[in-house]
Amino acid sequence: MNVDDIRRDFPILSQTIRGKPLIYLDSGASAQKPRAVIDAMVNAMETQYANVHRGLHWMSERTTDAYEATRDAAAKLMNAGDRAEIVFTRNSTEAMNLVAHSYGRGILKAGQAVVISAMEHHSNIVPWQMLRDAHGVELRVAPITDAGELDMAAFEALLEDGKVGLVSVTHMSNVLGTVTPAERIVQIAHAHGAKAMFDGSQAIVHRPIDVQALGCDFYAWTGHKLYGPTGIGVLWARRELLEAMPPFLGGGDMISSVTFEKSTWAQVPHKFEAGTPAILEGIGLKAAIDYVLGIGYEALAAHELALTDHALARLGAIEGLKIYGRAQDRGGVISFMLDKAHAHDVATLLDRQGIAVRAGNHCAEPLMRRLGVDSTARASFGMYTTMAEIDALADTLNRVREFFT
Amino acid sequence: MNVDDIRRDFPILSQTIRGKPLIYLDSGASAQKPRAVIDAMVNAMETQYANVHRGLHWMSERTTDAYEATRDAAAKLMNAGDRAEIVFTRNSTEAMNLVAHSYGRGILKAGQAVVISAMEHHSNIVPWQMLRDAHGVELRVAPITDAGELDMAAFEALLEDGKVGLVSVTHMSNVLGTVTPAERIVQIAHAHGAKAMFDGSQAIVHRPIDVQALGCDFYAWTGHKLYGPTGIGVLWARRELLEAMPPFLGGGDMISSVTFEKSTWAQVPHKFEAGTPAILEGIGLKAAIDYVLGIGYEALAAHELALTDHALARLGAIEGLKIYGRAQDRGGVISFMLDKAHAHDVATLLDRQGIAVRAGNHCAEPLMRRLGVDSTARASFGMYTTMAEIDALADTLNRVREFFT
Amino acid sequence: MADTFDDLRDLYQEVILDRGRHPRHGQRLETFDATAKGDNPMCGDRVQVWVAFAPDSTIAETGFEARGCAISVASADLMAETVQGRSKADTAALFASFRDMVRTGVCPACDTAMEQLAPLSGVHEYPSRVKCATLPWHALIAALDGTKEASSE
Amino acid sequence: MADTFDDLRDLYQEVILDRGRHPRHGQRLETFDATAKGDNPMCGDRVQVWVAFAPDSTIAETGFEARGCAISVASADLMAETVQGRSKADTAALFASFRDMVRTGVCPACDTAMEQLAPLSGVHEYPSRVKCATLPWHALIAALDGTKEASSE
Ligand SMILES: Cc1ncc(COP(=O)(O)O)c(C=O)c1O
Ligand SMILES: Cc1ncc(COP(=O)(O)O)c(C=O)c1O
């Protein structure tokens, strides 16, 4: 894998910001888009577009084929056993809401419990709170260690009374970079009669996901972080679960028949896809998946490991800089604070040098509280990130510290 | 308004289908995209993209501005009094589900009723059935006349017992072309203590919508039919209703604060927009709105009226062809059947000549039953449709009839 | 005039137009052993199939009522004719070959039975019409299986 | 080295850095008449403001505790100084001018009070930082109005 070649595939990387070359270290919030994704969407809009699933004409048939090919690509990406297990949503957030609604209200019973962890994104907290409040399902939170890893003993203890119907935890923290031991989580969940779901929003960008090998029951991710367009996400779920779950949204395309008295539902996955889908975004996402698989996860993971090691070393050497999260198994997301400067001031100073990092609570307020901070600065890497960019970050951070001293 | 100029703005219109120039008469299912929309999305991906609302860096600020400018454009398009009344959804279907969920479960009480009409799209039927079954709200259906107009007397009678909390009807039928008398519907609803919602998926493409003049409470539409991208729709609702309604989806961006015990919600409209939004699609939609407003609804409506009159005359002259829907006030959507040929066979024969029409139940099964058919063929027009294309349709239909005789 | 649609003669062969207009088996059986409905909600096609068995459990007779396009009615009619005298297993195998043919347009091991169905092979060029051709078969298989309803794939 | 950030001296003027580090009014008042919190959930800034009134109902003293960036702390501190001796209406008017200034960078009718706040005008070039500067004002206005919580726009 040649990073220079990759960078040429991403037109935005040649932009300058306030006169400085863009150093985009906010891929964890959303990744940039390669030419292949842009071209796929443009090509669809210029040469082959119509609504899908309903038309008998050429444009509609071709667009349906192109859109449905994304389902195959996503199934391949995750090694799903069955393409009907791929449900398209707007993003991870909607995927988790779908499960909280259709599995939570439809299958879980009041008195059962859902387990999440102390390092979840709000998207994997709030839907379960809403389920708790509407449906009487208990919400339990597995703690994390000071290193920022899931506390496995405490996690298992939460399941011991057999009340837990579903475990939903992140596969990789968007704040700490921690990768959770997914296979073990599934084993423990299943051993206690619970289903296991992962928020794979970050994880799938950094390592190959094999849902059959993981043995999990639900897996959610979002297109825009995997170099694809916004407006499309994926929920993978076991077919028998999808079949048992009531639908989430009602409307066109998700029905089998409609009378005013009663409607019946289409087969999975269509039962969960109401209305005109994100057609162009699906077509863009297929290009993103193909692009990622073309490079290969092995190369991506090696590049990321090198970047992360280098960044931990360089940032770790900055006086007064504290890194949050020291997990053994981790991805290319690093949260940090300077003793003399607030995260927002740091972000603004970096931005003035063309370096885009994120500062704030990263949609993980409870984790911030656990870490004892209000916010952190965060650098996150993509396949186009270079060692030189990390050096620029570290050099500039040194100067930021001087500025505030 | 010069149709030739407009056609040059839509790259796809120069495509050929099976060797014949494309005659796209399926805009009611989804419209084609002008160059301006394509360019806006490409420009964002190539020069200015990051996640919105959360970043302190330049790219994020600029992307947030571009995305939020869509809210202003949508507010202008609908003459909303307050930009915070514009909620972005995936499509109309999600907009109506949002209301069925947040207003339906959150505000309506069991024992109250919702009124829809006999000519609704499944998207404005199924969410209310799901509400009925989950929440004990009655579903009432206002009949239509043989001309395909809403039976206003019968409609009003349905509200007389004062139990109706919400009226949700189409502003323009996607099958019959009927435009409903929106102001009167609102007056009747309000006179009986009910809120009024319109499914404007078709209407907003064809005529100016002024929600303040209509006086309605909710108005839903979908970007891809208004020459915009897929993956984005709009719900307009009165601010005080949005403020009173509980949120629909939970996650990032829709919260004010999160603890495991309790979360509080962001201000409207963000309360209803969980997770990373359809950023690129929003940017594309703004270009579509600007394009439509640039041409002006007056010109669009005049063009459409001329097309529709011509089409009704030409199709009406074909022996054995029956047109469904003869409303006084109607838009450019015409459903028809040939006596000798099934709608699917008609669609396939037309397709062979490059003419794209839709055949089927148009996601309106109950209306099909009311019309006494299983399916119809439907031609629907866009701003780029020409008189010559309508002539080609009529000429070819004559030959189709011979083919099957 | 008619030559406008010459390229469609592959799909709408004379036998299809004829069977579509005047199916030979397009009626409900007076006495029958099994029946099932098929429904393609996306396009509105509906079919019901009735089957009477011979003493040896092969199909003695098939009748149907269809509301649908020329392709689906012709397919139902040709099906009714072709499955006569066949066992359940045999019929299922025939459907498998038929489905391959309408999807791909080719029929590698075509026997006489398949030749009777061959006029429908043109449908493979119109992917959204394939389910019109297979819907009656789904209903028939459902009837043989004792299921009441089939929906197209 | 420091010249790397020369273009940032507009935003981070010496008085901002100084007030951000060592606010003069950065403590809770022992006795007070009103208090309110301000919270900017997106970025994690939090501030609480305490106000003591003079007998004529003008502001006698303001104190605050802030967890936030240099901009928000400096803004709170300059605010505390500037609003002293002002009535509620007067304070609201000052906030309106201040908000205009931090959004646009200009201050058409700048009086002495606004000149004291002028070091914050550089924030208009960083739209996402504007709310850091206005958050303490929202909390102050909420306290004067008798509301307990304010959130930034
Ligand atoms: C009248 C009407 N309502 C609702 C819809 C649903 O729109 P969408 O599929 O974009 O949600 C459509 C179009 O399919 C429509 O024509
Ligand atoms: C771990 C994690 N979960 C969930 C999300 C939500 O993703 P989206 O906003 O695309 O729904 C994100 C990203 O924002 C994330 O990093």
Side-chain angles (χ1 to χ4, degrees), chain A residues 11-12 15 17-18 26 29-30 32-33 38 42 45-47 49-51 54-59 90-91 93-94 97 121-123 125-127 129-130 141 224 229-231 249-252 255 257-260 263 274-276 278-281 344 347-348 351 356 358-360 363 365-366, chain B residues 11-12 15 17-18 26 29-30 32-33 38 42 45-47 49-51 54-59 90-91 93-94 97 121-123 125-127 129-130 141 224 229-231 249-252 255 257-260 263 274-276 278-281 344 347-348 351 356 358-360 363 365-366:
Chain A
I12 205 171
Q15 291 291 307
I17 300 300
R18 305 182 196 272
D26 196 19
S30 199
Q32 299 299 344
K33 319 306 172 202
I38 302 171
V42 169
M45 289 190 268
E46 287 188 354
T47 69
Y49 175 78
N51 211 328
R54 309 165 178 181
L56 301 175
H57 56 78
W58 192 92
M59 280 284 176
R90 178 170 44 234
N91 48 26
T93 302
E94 198 200 10
N97 277 277
H121 188 280
H122 292 161
S123 294
I125 301 174
V126 182
Q129 292 184 316
M130 292 167 77
V141 183
H224 67 96
T230 45
L249 305 181
I255 55 89
S257 73
V258 175
T259 67
F260 288 123
S263 296
T276 301
I279 301 169
L280 297 165
E281 297 66 34
H344 299 167
T348 296
D351 183 41
R358 216 175 134 189
C363 295
E365 266 190 73
Chain B
I12 204 170
Q15 290 292 307
I17 300 301
R18 305 181 195 273
D26 197 19
S30 198
Q32 299 299 344
K33 319 304 172 203
I38 303 171
V42 169
M45 289 190 267
E46 287 188 354
T47 69
Y49 175 77
N51 211 328
R54 309 167 177 180
L56 301 176
H57 55 77
W58 192 93
M59 282 284 177
R90 178 171 44 233
N91 49 27
T93 302
E94 198 200 10
N97 277 275
H121 188 281
H122 293 162
S123 295
I125 301 173
V126 182
Q129 292 185 316
M130 291 166 78
V141 183
H224 67 96
T230 46
L249 304 182
I255 55 90
S257 73
V258 175
T259 66
F260 287 123
S263 296
T276 301
I279 301 169
L280 296 165
E281 296 67 34
H344 299 167
T348 295
D351 183 41
R358 215 174 136 191
C363 295
E365 266 190 72

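Because the structure is a prediction, the values reported are computed rather than measured. The basis for the numbers below is simple: all heavy atoms, side chains too, and nothing from hydrogens, waters or symmetry mates. In the text below, chain A, chain B and the rest are named by the order of the sequence lines, each starting its count at 1.
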What I'd like to find out is whether the side chain of [X] reaches to under 4.5 Å of the side chain of [Y], using heavy atoms alone.
X: B:Asp26; Y: A:Asn51; result: no
X: A:Val258; Y: B:Val126; result: yes
X: A:Pro366; Y: A:His122; result: yes

Which region of [X], side chain (C-beta onward) or backbone (N, CA, C, O), has a non-hydrogen atom less than 4.5 Å from a non-hydrogen atom of chain B, or is it both or neither?
X: A:Gln15; answer: side chain
X: A:Ile279; answer: both
X: A:Ala347; answer: side chain
X: A:Ile17; answer: side chain
X: A:Val141; answer: side chain
X: A:Met130; answer: side chain
X: A:Asn97; answer: side chain

Side-chain donor/acceptor of [X] to backbone N/O of [Y], under 3.5 Å:
X: B:Gln129; Y: A:Phe260; result: yes
X: B:Glu281; Y: B:Pro229; result: no
X: B:Thr230; Y: A:Leu280; result: yes

(request) Quick one: which of B:Thr276, B:Ile12, B:Asp351 has the most heavy-atom pairs under 4.5 Å with chain A, could you say? (result)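 Option with the top pair count is B:Ile12.
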(request) Using a cut-off of under 4.5 Å on heavy-atom pairs, state which of B:Val42, B:Asn91, B:Thr47 scores highest against chain A. (result) B:Thr47
(request) Below 4.5 Å from any heavy atom of chain A, which atoms of B:Leu249 appear? Answer side chain, backbone, both or neither. (result) both
(request) For B:Pro11, enumerate each residue passing the side chain to side chain contact (heavy atoms under 4.5 Å, CB included) test, keeping only those at least two apart in sequence or located in another chain. (result)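 For B:Pro11 the side chain to side chain contact (heavy atoms under 4.5 Å, CB included) partners, ignoring immediate neighbours, are A:Glu46, B:Arg35, B:Ile38.
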